[in-house]
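Here's the structure we're looking at; comments come further down.
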Number of protein chains: 2
Amino acid sequence: MSVVRLASTARAAAKSVQSSSIDACLDTIIKGDCVAALERLPEKSVDVIFADPPYNLQLDGDLHRPDHSKVDAVDDHWDQFDSFAAYDAFTRAWLLAARRVLKPNGTIWVIGSYHNIFRVGTSLQDLGFWILNDVIWRKTNPMPNFRGRRFQNAHETMIWASRDQNAKGYTFNYEALKAANEDLQMRSDWLFPICTGSERLKDENGDKVHPTQKPEALLARVLMASTKPGDVVLDPFFGSGTTGAVAKRLGRHFIGIEREQAYIDAAMARIEAVEPADAKTLKIVAGKRAEPRVAFAVLLETGLLKPGTLLTDAKRRWTATVQADGSLAVGGEQASIHRMGARVQGLDACNGWTFWHYEEDGELKPIDTLRAEVRKQMAAAGA
Amino acid sequence: MSVVRLASTARAAAKSVQSSSIDACLDTIIKGDCVAALERLPEKSVDVIFADPPYNLQLDGDLHRPDHSKVDAVDDHWDQFDSFAAYDAFTRAWLLAARRVLKPNGTIWVIGSYHNIFRVGTSLQDLGFWILNDVIWRKTNPMPNFRGRRFQNAHETMIWASRDQNAKGYTFNYEALKAANEDLQMRSDWLFPICTGSERLKDENGDKVHPTQKPEALLARVLMASTKPGDVVLDPFFGSGTTGAVAKRLGRHFIGIEREQAYIDAAMARIEAVEPADAKTLKIVAGKRAEPRVAFAVLLETGLLKPGTLLTDAKRRWTATVQADGSLAVGGEQASIHRMGARVQGLDACNGWTFWHYEEDGELKPIDTLRAEVRKQMAAAGA
DNA sequence: CGCTGGCATGAATCAGGCG
DNA sequence: GCGCCTGATTCATGCCAGC
């Protein structure tokens with residue numbers, strides 16, 4: 001095991017990591033196995049841990065897009081486990097080691113997907129951590145489900161937990177978050193894009209350096225919520241170093257642990273280039289659309305429209321029946337409000353919201369009226 | 001244990017639930033413990049299970065410690081562990097019993113919060129269920145966090161799982177969901193208000209009948225996504241009967257299991273009042289998968305294509321000759337329309353119906369046009 | 001220089017019928 | 001149950017080439 005020190009933050013070099021002081025490890029990347037590295041750190045020395053452990057994806061075979069291109073899957077050796085039992089053993093080992101280095105009032109964040117997050121949450125609870133929240137990262141631009149056999153997997157889950165049930169003194173910057181969120185409490189569902197574009201680290205071939213690089217905006221909110229300036233943030237699966245980059249920018253210290261030299265090299269160069277700056281990355285993603293999208297099905301699900309209701313165009317030339325599944329039926333055919341509007345008119349496209357009308361008090365009103373009703377409710381959720 | 005039958009759906013009364021037939025239980029509420037009730041139902045008889053299990057360890061009778069002893073702080077950790085172990089045992093018991101009554105291609109939904117959902121997900125995986133998605137119910141109007149010590153808990157988590165890893169034939173109305181969602185595939189994060197107003201059941205004192213009544217809109221999307229009309233939906237923690245009310249409205253059968261007579265009474269009255277949707281409006285949008293298969297040879301047999309006809313791709317890069325046996329010939333090689341389409345392009349797979357074109361009036365048209373013609377004839381013949 | 005259309009790609013547990 | 005064959009299936013975004 002060795003300590004990789006960033007030149008810009010160099011201090012007195014340590015030949016080996018001493019248990020007596022955490023200072024020697026600040027703003028460094030420790031190369032090695034995460035449990036072994038954690039065990040050599042002093043206990044109760046870290047304010048917050050952010051961990052992005054392997055997800056144990058269990059992929060089998062290739063997946064192709066409808067255009068026949070191959071999906072570049074996460075098939076790295078570090079994501080391979082023989083069984084749930086093996087994954088659980090791995091999880092308990094690193095969580096136990098992580099808990100030792102956490103200060104009594106420290107908190108831990110772990111991110112995962114449905115493949116692993118339930119195992120992680122169970123282990124956290126079994127080891128004595130106390131869950132404070134689960135937080136949903138909603139992706140603005142998730143990968144589609146190409147085969148149409150499931151819902152589009154459009155989120156990941158983070159668990160935020162304190163070291164102990166009775167730890168009351170953990171850091172939570174409630175007022176700052178509220179002020180940054182239009183004076184509303186910060187909710188447990190966050191909306192951010194996935195990491196793409198210039199933020200995404202690429203190698204000399206233009207390939208992504210790390211398959212699962214997290215967006216800095218996500219880490220920024222995590223650190224702004226649960227740390228204070230000068231706090232020590234540890235990331236036991238450092239990868240491409242997002243945690244370190246954001247910690248440096250926000251004036252927090254980081255400690256990274258990583259096994260792969262290629263990731264360490266990339267992370268070092270990345271963090272070197274970080275300019276400690278203002279907190280503009282915390283800016284909330286307002287969404288690119290002025291108005292949130294509303295599924296027609298919501299009108300049925302919420303009872304604003306009932307299956308069997310007849311819709312017509314403004315001049316009553318065509319009539320369609322609302323189906324329970326959220327489609328419209330005309331003469332035995334079923335399609336979405338938009339496609340059916342286009343079809344009856346013989347057009348390529350049509351805005352079903354303004355084309356189709358329902359009758360109320362003898363008056364024809366566009367179903368867009370009902371959409372406005374739904375949006376009023378949605379506005380409260382900051383959707 | 002007794003069966004509570006709704007008057008409007010009365011059948012021959014059964015003194016006790018027989019394992020020989022599920023029909024006697026349809027559209028009824030079984031009073032009793034959920035594991036015992038499940039064990040008396042016939043195996044592989046239910047299409048979908050929706051479960052909203054209890055998670056408050058202190059309020060659930062089965063989960064009380066036998067001696068009701070008060071533990072001091074030192075023992076807290078072990079107390080938690082005991083509680084979690086008891087909850088896990090409870091969870092495994094009902095999930096195992098539920099899995100037995102589920103059809104091989106059935107699916108299960110379980111809803112919970114961070115208090116219990118990780119235990120549930122782990123148990124599901126350990127018992128052999130295969131998680132298809134976790135789905136987030138985002139609340140438009142969640143309760144605030146009054147202490148300001150955590151994020152506002154603005155969502156709940158649902159897990160959707162098939163009975164087995166290799167069960168591929170489960171119901172997922174992909175096309176219908178997409179049509180009802182602005183022609184975009186349905187995501188894993190859903191936005192709905194919590195159950196309030198006139199939908200919320202109140203007793204004679206104006207108090208809510210059930211503490212965790214779920215909104216009908218949520219159940220409507222669950223059932224529209226994963227069931228077909230006439231399917232059997234079982235809810236082992238029936239409570240105020242939202243599952244039953246929505247199932248009746250959408251033309252699905254329900255089976256409820258509930259211990260508390262007060263909940264049963266309220267649920268019965270509620271479901272009685274539900275007006276079922278017209279059967280015609282329940283028809284679900286079908287995708288191309290549901291279309292009957294057409295052998296390419298039929299185009300030859302019906303004379304829509306003749307042997308010797310030349311087919312090309314849309315850009316006329318390749319040309320193939322239609323053989324009398326229903327294969328395509330290119331440069332001395334013969335293969336199916338799909339294989340040959342893949343071969344000339346150097347791909348693993350290809351949909352020959354959309355790849356190969358014939359010329360008519362100087363215009364290139366995909367042979368899929370001819371397949372549509374055949375299907376129209378088949379439909380007219382009532383095939 | 002700006003606009004547009006084509007192309008690439010992201011933590012993915014991604015098929016079903018028939019013989 | 002296994003093997004073979006058919007043939008269905010994608011959203012948001014960034015980048016680049018071409019005009």
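By convention in this document, chain letters (A, B, ...) are assigned in the order of the sequence lines, proteins followed by strands, and residues within each chain are numbered from 1. Quick caveat: nothing in here was measured; it's all calculated off a predicted structure.
Nucleic acid contact class of A:D72 (heavy atoms, under 4.0 Å, all strands): sugar-phosphate only. Across all strands, B:G352 comes closer than 4.0 Å to no nucleic acid atom at all (heavy-atom distances). Residue B:Q165 is out of contact with every strand shown, counting any heavy-atom pair closer than 4.0 Å. Counting non-hydrogen atoms under 4.0 angstrom, A:P53 reaches a base of the nucleic acid. Residue A:L63 is classed as a base contact, given a heavy-atom separation below 4.0 Å to a base. Among the protein residues, B:R187 comes within range of no part of the nucleic acid, since none of its heavy atoms lies under 4.0 Å from any strand. Residue A:C195 is classed as having no contact, given no heavy-atom separation below 4.0 Å to the nucleic acid. Residue A:N145 is in base contact, counting any heavy-atom pair closer than 4.0 Å across all strands shown. Using a 4.0 Å heavy-atom criterion, one finds that B:L132 contacts no nucleic acid atom at all. Counting non-hydrogen atoms under 4.0 angstrom, B:R339 reaches a base of the nucleic acid. Within the 4.0 angstrom heavy-atom criterion, only backbone atoms of the sugar-phosphate kind lie near B:E175; the bases stay farther away.
Atom-to-atom, CD of A:Q58 to P of C:dC14 comes out at 10 Å; the value is rounded to the nearest Å. We find that CG of B:D348 is positioned 18 Å from P of D:dA8, with the value rounded to whole Å. The distance between atom CG of A:D79 and atom C1' of C:dA12, rounded to the nearest whole Å, is 11 Å. The nearest whole Å value for the distance from the NZ atom in A:K70 to the P atom in C:dT9 is 12 Å. B:H338 has its NE2 atom 17 Å from the P atom of D:dC4, to the nearest Å. In this structure, A:H64 places its NE2 atom 15 Å from P of C:dA12, rounding to the nearest Å. Distance B:N351 CG to D:dT6 P: 11 Å, rounded to the nearest Å. Atom CG in B:L347 sits roughly 16 Å away from atom P in D:dA8 (whole-Å rounding).
D:dG7 and C:dA12 are spaced 29 Å apart, taking the P atom of each and rounding to whole Å. If you take atom P in D:dA8 and the same atom in C:dA11, they sit 30 Å apart, rounded to whole Å. Comparing C:dC1 with D:dC19, their C1' atoms sit 12 Å apart, to the nearest whole Å.
Checking D:dC11, C:dA15, C:dA11 against every side-chain atom of A:R147, the shortest atom distance belongs to C:dA15. Of all nucleotides listed (C:dT9, C:dA11, D:dT10), D:dT10 comes nearest to the side chain of A:F146. Comparing atom distances between the A:N141 side chain and each of D:dA12, C:dA11, D:dT6 picks out D:dA12 as nearest. Closest to the side chain of A:P144, from the set D:dT9, C:dG16, D:dC11, is D:dC11. Out of D:dG7, C:dA12, C:dG16, the shortest distance to the side chain of B:K168 is found at C:dG16. Looking at the side chain of A:R65, the nearest of the listed nucleotides D:dA12, C:dA15, C:dT9 is C:dT9. Distance from the side chain of A:R149 is smallest to C:dC14 among D:dA8, C:dA11, C:dC14. The side chain of A:E156 lies closest to C:dA11 when the candidates are D:dT10, D:dT6, C:dA11. Comparing C:dG10, D:dC11, D:dT13 by their nearest atom to the side chain of A:T140 picks out D:dT13. Checked against C:dA12, D:dC15, C:dA11, the side chain of A:S198 finds its nearest nucleotide in D:dC15.
Side-chain nitrogen and oxygen atoms of B:R293 include none within less than 4.0 Å of the OP1 or OP2 phosphate oxygen of C:dA15. A close approach under 4.0 Å does not occur between any side-chain nitrogen or oxygen of A:K214 and OP1 or OP2 of C:dA11. When the side-chain nitrogen and oxygen atoms of B:Y174 are compared with OP1 and OP2 of C:dA15, none of them lie within a distance under 4.0 Å.
Between A:F81 and A:F90, the gap from one ring centroid to the other is short of 6.0 Å. Checked against a 6.0 Å centroid threshold, the rings of A:W78 and A:H210 count as neighbours.
Rounding to the nearest 0.5 angstrom, the gap separating the CZ atom in B:F296 from the CG atom in B:L370 is 8.5 Å. The line from CE of A:M143 to CG of A:L63 is 8.0 Å long, rounded to the nearest 0.5 Å.
In this structure C:dG6 sits in a base pair with D:dC15, meeting the Watson-Crick or G-U test at under 3.5 Å. Pairing partner, D:dA8: none, since no Watson-Crick or wobble contact has both distances short of 3.5 Å. With a cut-off of 3.5 Å on both Watson-Crick or G-U wobble distances, the partner of D:dG3 is given as C:dC18.
A cation-pi contact links B:R221 to B:W190, judged by a cut-off of 6.0 Å to the six-membered ring centre and 45° from its axis. Relative to the ring axis of B:F118, A:R119 does not place its NZ or CZ within 45° and under 6.0 Å from the centre. Annotation: cation-pi geometry not satisfied between B:R163 and B:Y170 (NZ/CZ under 6.0 angstrom from ring centroid, within 45° of ring axis).
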For the pair A:F50 and A:I111, evaluate side chain to side chain contact (heavy atoms under 4.5 Å, CB included) and give the outcome as yes or no after the intermediate values. CA-CA 8 Å; A:F50 182 89; A:I111 185 167; 4.1 Å; yes
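Along DNA chain D, the nucleotide closest to A:P66 and the one closest to A:T196 are compared, and the more 5′ of them pairs with A:P66. Where B:Y170 and A:D62 meet DNA chain C, the nucleotide closest to each residue was compared, and A:D62 sits on the side nearer the 5' end. Toward the 5' end of DNA chain C, the nearer of the two residues A:R150 and A:K208, judged by each one's closest nucleotide, is A:K208.
The salt bridge (charged side-chain N to carboxylate O under 4.0 Å, His left out) test with A:K208 is passed by exactly one of A:D76, A:D72, A:D203: A:D72.
In the interface, the side chain of A:D52 is paired with the base of C:dA11 through a donor and an acceptor atom under 3.5 Å apart. Judged by distance alone with a 3.5 Å cut-off, no donor-acceptor contact links the side chain of A:K139 to the base of C:dA11.
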